[in-house]
Amino acid sequence: MSSELEVPFRPKRKKNLVDFFVQFRWIVVIFVVLPISATIYFFLYLGDLRSEWKSYKSRQKEHDENVKKVVKRLKGRNPAKDGLVCTARKPWIAVGMRNVDYKRARHFEVDLSAFRNILDIDKERMVAKVEPLVNMGQISRATVPLNLALAVVAELDDLTVGGLINGYGIEGSSHIYGLFADTVVAYELVLADGKVVRATKDKSILTSFMLSHGLREYMKVTYTPVKGNLKDLAQGYIDSFAPKDRDQDNPEKVPDFVEGMIYNPREGVMMTGRYASKDEAKKKGNVINCCGWWYKPWFYQHAETALKKGEFVEYIPTREYYHRHTRSLYWEGKLIIPFGDQFWFRFLLGWLMPPKVSLLKATQGEAIRNYYHENHVIQDMLVPLYKVADALEWVHREMEVYPLWLCPHRMFRLPIKTMIYPEPGFEQQKRQGDTAYAQMYTDVGVYYAPGPILRGEVFDGAEAVRKMEKWLIENHGFQPQYAVSELNEKDFWKMFDASLYEKARRKYGAVGTFMSVYYKSKKGRKTEKEVAEAEKERAEVETPEADSS
């Protein structure tokens with residue numbers, strides 16, 4: 001490893017009572033969180049089955065009635081007396097470690113809890129219509145038996161459609177289809193005044209999500225070890241899915257699914273997947289891995305074995321492959337239950353995994369919550385593909401978090417400038433992975449305790465995130481807003497383009513009704529006065545960002 005990657009010296013950190021509670025928090029998780037989580041999962045599953053027994057026509061009728069209730073609720077709001085509108089969902093329910101602090105200011109709640117049904121799956125037009133609280137486990141359970149799937153299916157069962165649209169949903173197929181929101185063909189929206197509208201890419205389409213073709217019963221997964229320095233690992237990752245001749249749309253050269261895992265500064269494993277039939281998977285000599293069983297090794301540890309035994313190929317049932325990181329929450333499960341990856345635990349209690357993230361948040365006090373913000377990193381860095389090596393080196397120097405997750409996605413060039421957008425002129429550079437219509441980006445997933453914390457050294461988590469955000473702004477990268485953000489408002493709008501967003505907010509009456517995305521993302525408690533003044537300023541003053549084209 002080159003000298004410029006050497007990590008800074010950090011003094012030893014004094015432990016306190018909170019460290020003790022965090023160290024033994026697994027007791028609460030095993031005896032409280034896991035049993036309650038399993039019970040909740042069971043009843044949610046029964047509710048999903050009940051919904052599936054109903055016809056699409058019946059589900060649509062219920063949906064229409066629920067929309068009317070939302071409309072009535074919004075029309076009954078008094079702007080002069082009531083707070084800004086937000087959902088009635090409790091702050092701790094969101095999947096993600098960021099605290100939903102904006103709900104601590106006075107607000108006007110709208111209950112959306114009934115919107116968790118699949119309304120239609122149209123195999124002819126290859127589209128599906130779903131409500132915002134439908135989660136990935138629910139929809140893959142309905143589509144995979146039909147040999148269909150959403151074009152982008154996020155790995156964790158609990159992630160919802162609404163959350164993935166707003167939070168940069170990404171998956172191993174995103175190098176073809178883009179982010180989760182890029183696969184949406186239509187939205188049904190309720191505006192600030194209660195009016196219901198449909199926003200579509202094509203006026204003839206009234207359904208919601210693109211479905212992918214070519215799904216088969218199994219995923220043929222190739223595990224390829226890569227060794228060297230971080231630049232070598234980054235190039236090995238790029239080469240796994242991006243042809244050097246830039247023939248990025250050729251299905252013969254580009255796999256159906258891609259992900260990479262960096263285990264340390266010198267070793268990583270790149271995984272590519274291609275759909276395969278049952279007949280192919282069951283041919284003599286082929287290995288089938290039903291990785292979804294509760295007693296199986298956690299997927300990231302199974303993939304790591306390629307570092308010792310070399311490249312290998314196996315076949316995983318398609319739905320189990322989609323949700324391969326669910327049981328272990330990638331590798332966060334190792335921090336939650338230190339011995340959770342051991343065979344005896346997996347065999348005896350693995351069927352209770354994973355704990356619901358919302359319950360983990362609900363059972364931690366303010367002190368533990370602050371501890372995690374300072375001593376734990378859960379961030380995603382969306383960076384141009386050619387800057388992956390730079391991102392890996394930055395994370396090593398500033399955070400030392402391993403493993404790291406790599407997943408590519410297309411950033412499409414659009415006729416309008418949205419909040420996130422590719423680098424201007426990227427198509428002229430003709431870089432590996434790019435096409436004339438999309439720049440290839442990568443999500444660098446940084447989820448774990450930093451190296452300094454594991455070694456008992458001082459680490460300033462808030463400062464590390466501030467440095468990360470500064471690096472992203474300088475390198476045309478983006479931070480998903482499910483994560484803890486330290487950005488002030490000025491820097492927030494340096495990272496994200498506000499022009500179309502502010503224009504849409506004004507045009508459709510959102511200013512003074514719905515909180516600005518910055519204030520929803522801002523860390524810390526928001527007072528009613530602070531939010532009201534910010535919205536008033538937006539209503540009265542045309543900002544430079546809103547006027548720019």
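Atom set for the values below is all heavy atoms of this structure, side chains included, hydrogens, waters and symmetry mates excluded. Just so you know, these numbers come straight off a predicted model, no measurement behind them.
A 4.5 Å side-chain heavy-atom check between Met261 and Tyr263 finds at least one atom pair inside the cut-off. For the pair Glu267/Glu304, no side-chain contact is recorded, criterion being any heavy-atom separation below 4.5 Å from C-beta on. Proximity of Leu454 to Tyr448: side-chain heavy atoms (C-beta onward) are separated by under 4.5 Å at one or more points. Within the 4.5 Å cutoff, side-chain heavy atoms of Met468 are placed close to those of Met381. Contact check for Thr183 versus Leu150: no side-chain heavy atoms found under the 4.5 Å cut-off. Considering only heavy atoms from C-beta on, Phe299 comes within 4.5 Å of Ile316 through its side chain. Under the 4.5 Å side-chain criterion, counting only non-hydrogen atoms from C-beta, Val444 is in contact with Leu406.
Scanning for salt bridge (charged side-chain N to carboxylate O under 4.0 Å, His left out) contacts around Glu469 gives an empty result, with sequence neighbours left out.
Side-chain N or O atoms of Asp390 include none that pairs as donor or acceptor with a backbone N or O of Glu393 at under 3.5 Å. Checked by atom type and distance alone, the side chain of Glu400 never pairs as donor or acceptor with a backbone atom of Glu398 at under 3.5 Å. Judged purely by atom type and a 3.5 angstrom limit, Glu320 uses its side chain to pair as donor or acceptor with the backbone of Gly292. Side chain of Arg346 to main chain of Tyr295: a donor-acceptor pair is present (N/O by atom type, distance under 3.5 Å, no hydrogens or angles). In this structure, Asn117 contributes its side chain and Leu119 its backbone to no donor-acceptor pair below 3.5 Å. Under a 3.5 Å cut-off, the side chain of Asn475 and the backbone N or O of Gly477 do not form any donor-acceptor pair. Remark: side-chain polar atoms of Trp298 are not paired, donor with acceptor, to backbone N or O of Arg327 under 3.5 angstrom. In this structure, Ser37 contributes its side chain and Lys356 its backbone to a donor-acceptor pair below 3.5 Å. Proximity of a side-chain donor or acceptor of Gln379 to a complementary backbone N or O of Ser485 within less than 3.5 Å is not detected. Distance alone, capped at 3.5 Å, places no donor-acceptor pair between the Arg13 side chain and the Pro452 backbone.
A salt bridge is absent between Arg410 and Asp182: the closest approach of a Lys/Arg side-chain nitrogen to an acidic carboxylate oxygen does not fall below 4.0 angstrom. Salt-bridge check for Arg116 with Asp48: passed, with a basic side-chain N closer than 4.0 Å to an acidic carboxylate O.
Aromatic ring pairs are classed by plane angle as parallel below 30°, tilted from 30° to 60° and perpendicular above 60°; the pair Tyr223 and His302 is perpendicular. Classification of the Tyr168-Phe496 ring pair by plane angle, with boundaries at 30° and 60°, yields tilted. Taking the six-membered ring where the residue is Trp, Trp394 and Trp471 present tilted rings, their angle falling between 30° and 60°. Ring orientation note: the planes of Tyr315 and Tyr218 are nearly perpendicular, at an angle over 60° on the 30°/60° scale. In this pair, Phe241 and His175 present their aromatic rings perpendicular. The plane angle is above 60°, beyond the 30 to 60° band.
Taking the six-membered ring where the residue is Trp, the centroids of Tyr300 and Trp405 are separated by 6.0 Å or more. Between Tyr41 and Tyr45, the distance from one ring center to the other does not fall under 6.0 angstrom.
The CG atom of Asp380 sits 4.0 Å away from atom CG of Asp443, with the distance rounded to the nearest 0.5 Å. With rounding to the nearest 0.5 Å, the separation of CD1 in Ile420 from CE in Met495 is 11.5 Å. Between Leu352 atom CG and Ile36 atom CD1 the span is 12.0 Å, to the nearest 0.5 Å. Taking CG from Leu84 and CD from Glu109, the interatomic distance works out to 13.0 Å, rounded to the nearest 0.5 Å. In this structure, the separation between CG on Asn135 and CG on Asp157 is 6.5 Å, given to the nearest 0.5 Å. Interatomic distance, OG of Ser174 versus CE of Met411, reported as 11.0 Å (0.5 Å rounding).
Residues His376 and Glu332 have side chains that bring a donor and an acceptor to within less than 3.5 angstrom of each other. Side chains of Glu171 and Tyr322: a donor-acceptor N/O pair is absent below 3.5 angstrom, by distance only. Using a 3.5 Å distance cut-off with no hydrogens or angles, the side chains of Glu155 and Tyr330 do pair a donor with an acceptor.
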Decide side chain to side chain contact (heavy atoms under 4.5 Å, CB included) for Leu360 and Arg25; before the verdict, give the C-alpha distance in whole Å, the side-chain angles of both, and the deciding distance to 0.1 Å. CA-CA 10 Å; Leu360 290 173; Arg25 192 157 181 264; 4.1 Å; yes
Under the salt bridge (Lys or Arg N to Asp or Glu O under 4.0 Å) rule, what do Arg59 and Glu62 come out as? Steps first, then yes or no, please. CA-CA 5 Å; Arg59 295 182 218 176; Glu62 287 184 14; over 6 Å; no
So Gln138 and Asp158, side chain to side chain contact (heavy atoms under 4.5 Å, CB included) or not? Walk me through it. CA-CA 9 Å; Gln138 185 181 352; Asp158 256 6; over 6 Å; no
Pair Val110, Val85 - check side chain to side chain contact (heavy atoms under 4.5 Å, CB included), show working. CA-CA 7 Å; Val110 178; Val85 174; 3.8 Å; yes
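Surrounding OH of Tyr371 are more than 12 heavy atoms belonging to other residues, nucleotides or ligands, all under 6.0 Å away. Annotation: Lys470, atom NZ; neighbour count of heavy atoms from other residues, nucleotides and ligands within 6.0 Å does not exceed 12. By the neighbour-count criterion of 12 heavy atoms within 6.0 Å, atom CZ of Phe31 is sparsely surrounded, having that number or fewer from other residues, nucleotides or ligands. Other residues, nucleotides and ligands contribute over 12 non-hydrogen atoms within 6.0 Å of the NZ atom of Lys54.
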Mind listing the side-chain donor-acceptor pairs of residues 159-166 below 3.5 Å, one per line with the distance, residues two or more places apart or on another chain?
from	atom 1	to	atom 2	distance (Å)
Thr160	OG1	Gly163	N	3.2
Asn166	ND2	Gly162	O	2.9

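With a 6.0 Å cutoff to the six-membered ring centre and a 45° limit on the axis angle, Arg324 counts as a cation-pi contact of Tyr321.
Minimum heavy-atom separation, Leu335 to Ala449: CD1-N, 3.6 Å.
The ring pair (Phe, Tyr, Trp, His ring centres under 6.0 Å) test with Phe492 is passed by exactly one of Phe478, Tyr501, Tyr518: Tyr518.
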